[in-house]
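Working notes for the structure below.
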There are 2 protein chains.
Amino acid sequence: MAENNGGEGLLFLTDEQLRKGIEAMFFAYRGFTADPDRILSSLDYGRAHHRAVHFVHRSPGTTVGNLLTILGVTKQSLNRVLRSLFDDGLVEARVGKKDKRERHLYLTEKGAALERSLSDAQRVRMRTAYRAAGPQAVQGFRTVLEAMMDPELRRQYQGLKETPQ
Amino acid sequence: MAENNGGEGLLFLTDEQLRKGIEAMFFAYRGFTADPDRILSSLDYGRAHHRAVHFVHRSPGTTVGNLLTILGVTKQSLNRVLRSLFDDGLVEARVGKKDKRERHLYLTEKGAALERSLSDAQRVRMRTAYRAAGPQAVQGFRTVLEAMMDPELRRQYQGLKETPQ
DNA sequence: CATTTTATGTCAGCTGTGTTGACATTCCAA
DNA sequence: TTGGAATGTCAACACAGCTGACATAAAATG
């Protein structure tokens, strides 16, 4: 709709355009993680801790199994991260009432504070970029990113919209 | 132009919108790297090798120092990667004519073949996403990503446009 | 010419985060 | 009740970041 970009179009699908897109992803992702990374490294944490804290904040009471699906890592890898978050009192696990094998995860006050500090840093950059680019660009940004996800991950992503619990 | 998104606008800057953008970056980047990762792991390489090969292909004759700047890693880390690429005959280093301290990097035929296989895989996904999203969305995508980069990295990124050599 | 700076490489060692494999616990269903 | 499925833990390994220390050769500077 609108914008026929030159009759036969498809100029945006040339290898050169695609390469630019690939490099844009690479450089932008560096920026995207830079601010949280600084905070994390001062605490001897890494991105894995950030991701765990983010999704526990996002879906309080989620189980380890859910987190495994969302994060796409092995349970052993996640477990190492969770253990350090437990030990440092950032995340709390409560045994499931129905199924006692499950552990439901919650941020402590301290964990919530870290989450806030990380996501504040990340949101500042995001907000600045969004504002500079404008709402239409933002919509395009989200559209392309969604199309780039694996279908399984896209479902996870979209599912999170409606599943605050 | 068009789409005034609700008078006072700025609805796209709410924390909830920003969080969606953050998660979109996270899930999309997973998709973005998934296909090359599969090829790489079958060769006992990792993303670090992919990045090196990509930028050597992109700027043949680039020096180790240039690569360090672009990749943003330490020389020790890059050196480990480059050494394995030399040993496996994928990348070739030629001593500089003007400055003999510099080593200029080139892909061998074998290295170019790997680069092609990696970037083909990545481009397929990119092209599919671009086509599904349309040219206007792609433009917005690129605009937001550029705005998200660190200024230094943005210069690197934009500089690559004009500097095939 | 002597000195300093630059570009590069190498060795050792540490960290974070991914992996497999083996095993324990809990739940549920045959 | 027994066996499989889901879940979590411990051990060990690989990769790719990192810092620090040191070496060498070339270039730039005094």
Side-chain angles (χ1 to χ4, degrees), chain A residues 26 29-30 33-34 36-56 61-88 90-105 118, chain B residues 26 29-30 33-34 36-56 61-88 91-105:
Chain A
F26 171 65
Y29 201 78
R30 289 253 295 278
T33 56
D37 280 355
R38 267 187 289 276
I39 297 172
L40 290 160
S41 75
S42 75
L43 300 170
D44 284 338
Y45 288 148
R47 282 184 202 171
H49 299 84
H50 185 184
R51 295 194 278 266
V53 164
H54 174 97
F55 284 106
V56 171
T62 193
T63 61
V64 175
N66 284 340
L67 220 46
L68 284 177
T69 307
I70 289 175
L71 298 178
V73 297
T74 58
K75 60 183 175 173
Q76 295 89 332
S77 189
L78 176 57
N79 202 258
R80 194 199 292 123
V81 168
L82 284 180
R83 201 178 332 132
S84 69
L85 293 173
F86 296 149
D87 291 350
D88 298 347
L90 301 179
V91 173
E92 204 173 82
R94 301 182 203 153
V95 172
K97 282 176 192 159
K98 287 193 55 176
D99 190 333
K100 289 182 196 163
R101 291 171 302 181
E102 294 179 339
R103 296 188 307 165
H104 298 268
L105 304 172
L118 291 172
Chain B
F26 171 66
Y29 201 79
R30 288 255 295 279
T33 56
D37 280 356
R38 267 188 289 275
I39 297 171
L40 290 160
S41 75
S42 74
L43 300 171
D44 282 339
Y45 289 147
R47 282 183 204 171
H49 300 84
H50 184 185
R51 295 194 280 265
V53 164
H54 174 96
F55 283 106
V56 171
T62 193
T63 61
V64 174
N66 283 340
L67 220 46
L68 284 177
T69 308
I70 288 175
L71 298 178
V73 297
T74 59
K75 62 179 177 175
Q76 294 91 331
S77 190
L78 177 57
N79 203 257
R80 196 198 290 127
V81 168
L82 283 180
R83 200 178 333 133
S84 70
L85 293 174
F86 295 148
D87 291 351
D88 298 347
V91 173
E92 203 174 81
R94 301 182 203 152
V95 172
K97 282 175 191 160
K98 287 194 55 176
D99 189 331
K100 290 181 195 163
R101 291 171 304 180
E102 294 180 336
R103 297 190 307 165
H104 298 268
L105 304 172

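Protein chains get the first letters and strands the later ones, always in sequence-line order, with residue 1 at the start of each. Values in this document were obtained by computation on a predicted structure and should not be read as measured data.
A sub-4.0 Å separation between OP1 or OP2 of dG17(D) and a side-chain N or O of Arg51(B) is present. Residue Asn79(B) has a polar side-chain atom (N or O) positioned under 4.0 Å from OP1 or OP2 of dT10(C). A sub-4.0 Å separation between OP1 or OP2 of dT17(C) and a side-chain N or O of Arg83(A) is absent.
Among all heavy-atom pairs drawn from Ala52(A) and Val81(A), the shortest one is CB-CG1, 4.2 Å. The nearest pair of heavy atoms linking Val73(A) to Leu68(A) is O-CD2, 3.6 Å. The two residues Arg51(B) and Phe26(A) come nearest to each other via the heavy atoms CD-CE1, 3.1 Å. Residues His49(B) and Ser84(B) approach most closely at NE2-OG, 3.1 Å, considering heavy atoms. Looking at every heavy atom in both residues, Leu105(B) comes nearest to Ala93(B) through CD2-CB, 4.0 Å.
The distance from the CG atom of Leu43(B) to the CG atom of Asp88(B) is 9.0 Å, given to the nearest 0.5 Å.
Computed from coordinates, the Leu67(B) CG to dA16(D) P distance equals 15 Å when rounded to whole Å. The CZ atom of Arg103(A) sits 12 Å away from the C1' atom of dT25(C) (whole-angstrom rounding). As a whole-Å value, the separation of Leu68(A) CG from dG8(D) P is 7 Å. Following rounding to the nearest Å, Glu102(A) (CD) and dG8(D) (P) show an atom-to-atom distance of 7 Å. When rounded to the nearest whole Å, the span between NE2 of His50(A) and P of dT17(C) equals 12 Å. In this structure, CG of Leu85(A) is placed 15 Å from P of dG8(D), rounded to the nearest angstrom. Counting to the nearest Å, the P atom of dT7(D) and the CG atom of Leu105(A) are 12 Å from each other. The CZ-C1' distance, from Phe86(A) to dT9(D), rounds to 12 Å in whole Å.
Residue Arg80(B) is classed as a base contact, given a heavy-atom separation below 4.0 Å to a base. Residue Thr63(B) is classed as a sugar-phosphate contact, given heavy-atom separations below 4.0 Å to backbone atoms only. Within the 4.0 angstrom heavy-atom criterion, only backbone atoms of the sugar-phosphate kind lie near Arg47(A); the bases stay farther away. Note on His49(B): only backbone sugar-phosphate atoms sit closer than 4.0 angstrom, heavy atoms only; bases stay farther off.
Taking the side chain of Lys75(B) as heavy atoms from C-beta on, and the options dT8(C), dA27(D), dC27(C), the nearest nucleotide is dT8(C). Of the candidates dT8(C), dG13(C), dG16(C), the closest approach to any side-chain atom of Asp44(A) belongs to dG16(C). Of the candidates dT20(C), dT26(C), dA16(D), the closest approach to any side-chain atom of Thr74(A) belongs to dT20(C). Nearest nucleotide to the Arg101(B) side chain, out of dA16(D), dG18(C), dT6(C): dT6(C). Closest contact between the side chain of Lys100(B) and the listed nucleotides dG18(C), dC18(D), dA26(D) involves dA26(D).
Below the 3.5 angstrom threshold, one finds no donor paired with an acceptor across the side chain of Gln76(A) and the base of dG8(D).
Between Asp99(A) and Gly46(A), the residue anchored nearer the 5' end of DNA chain C, judged by the nucleotide with its closest heavy atom, is Gly46(A).
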